[in-house]
Amino acid sequence: MLIERKNNILNNKSGSKESILENLNKQKKDLEKQLGGVNQTLVAPRSGIFVSQADGFEQTLTFDSINTLTPSEVNEYLSREEYKPSDEIYPYPVCKITDNSEWILAAVCSEEIAAQTSVGKPVKVSFPDEGEKTLRCTIYEISEPVDGEVVIYIMGTKEIYNVLTARKMKINIVFESYEGLRIPASAVKTIEGIDVVMVEKAGGDVETEVVVLFKDEDFAIIKEGGELSVYDKVRVD
């Protein structure tokens, strides 16, 4: 709710900031009256989003710990059961303030996968549990390899409530994306350092130079334009 209101303010969809602040102060006073004086004042060390939830990792998973976590430690954290604070330790409601400008995802992957990217490089991250929402993020850090695995850290700044409150999420990372014509890889030939394909024409096959954006063992993505179009048929050996 708070994120939604903030976005509305930034996009000027809910009136002036002054009127919204006045409305929130009125709601605050109404709630204080309902409490009948039974309340507790909390002082936050910084501004951010209020979250009435804790998971026990608040002092462990921090920006400072990024340079020390190993793949096995991250996997161990992910395997832990849901944290439930003890009423004896926390007699009052548990809450915290989450910085709402930056967040970091940590994912364990192989060295081979991490080799596709580097620190500072932009990537696209989608969240299947959030309706396939896709965000543009940045590679923040890549740990040293341990037994062929690394921890890859991805920073985002777009506010998604579940990202701010959850420790585990399903994500898909897209390191590179291309727009072009997809054809079988075997259709591409390299002749004297130039990539070409044989295009079927009425008078016979025509050798056509192409720009290869991506290629693996199965298919290639060719830049559209020039003498090759989406309607052409290419010969596959």
Side chain to side chain, V174 and V123, heavy atoms closer than 4.5 Å: no
Minimum side-chain heavy-atom gap R136-P122 below 4.5 Å: yes
Closest non-hydrogen atom pair, E149 against P71: O-CG, 3.6 Å
4.5 Å side-chain heavy-atom contact, V188 and V212: yes
Flag side-chain contact, heavy atom, 4.5 Å: I183 against V236: no
Same apolar cluster: V119 and V146, side chain cutoff 4.5 Å: no
Sidechain-backbone polar pair: S79 side chain, E76 backbone, donor-acceptor under 3.5 Å: yes
Atom pair CZ (F219) and CZ (R182), whose distance is rounded to the nearest 0.5 Å: 4.0 Å
Verdict with supporting geometry, R235 and E200, side-chain contact (heavy atoms from CB on, under 4.5 Å): CA-CA 7 Å; R235 184 168 297 281; E200 297 181 11; 3.8 Å; yes
Nearest-0.5 Å distance that lies between atom CD1 in I152 and atom CG in L105: 10.5 Å
Crowding at CG, D147 (>12 non-hydrogen neighbours, <6.0 Å): no
Beyond-backbone contact of I221 with L181, side-chain heavy atoms, under 4.5 angstrom: no
Sequence-distant partners of K170, side-chain contact (heavy atoms from CB on, under 4.5 Å), two or more places apart: P128, D129
side-chain contact (heavy atoms from CB on, under 4.5 Å) assessment of I104 paired with I154: CA-CA 5 Å; I104 288 180; I154 300 172; over 6 Å; no
Within 6.0 Å of NZ in K233, more than 12 heavy atoms from elsewhere: no
Backbone N/O of K26 and side chain of N23: donor-acceptor pair under 3.5 Å: no
Donor-acceptor contact present, side-chain T190 to main-chain G193, <3.5 Å: no
Test log, rule side-chain contact (heavy atoms from CB on, under 4.5 Å), inputs V151 and E141: CA-CA 8 Å; V151 183; E141 187 67 76; over 6 Å; no
Verify same cluster id: I222, V206 (apolar side-chain graph, 4.5 Å): no
Between CD on residue E22 and CD on residue Q27, distance to nearest 0.5 Å: 11.5 Å
Between OG1 on residue T68 and CD on residue E73, distance to nearest 0.5 Å: 6.5 Å
Check: K121 and T138 side chains under 4.5 Å, non-hydrogen atoms: no
Side chain proximity check, C137 to W103, heavy atoms < 4.5 angstrom: yes
Euclidean distance, S186 OG relative to K189 NZ, rounded to 0.5 Å: 6.0 Å
Any side-chain heavy-atom pair of M198 and E207 under 4.5 Å: yes
Check: T134 main-chain N/O paired with S126 side-chain donor or acceptor under 3.5 Å: no
Separation between OG of S72 and OH of Y77, rounded to the nearest 0.5 Å: 9.5 Å
Single-linkage hydrophobic cluster, 4.5 Å side-chain cutoff, V150 and I113 together: yes
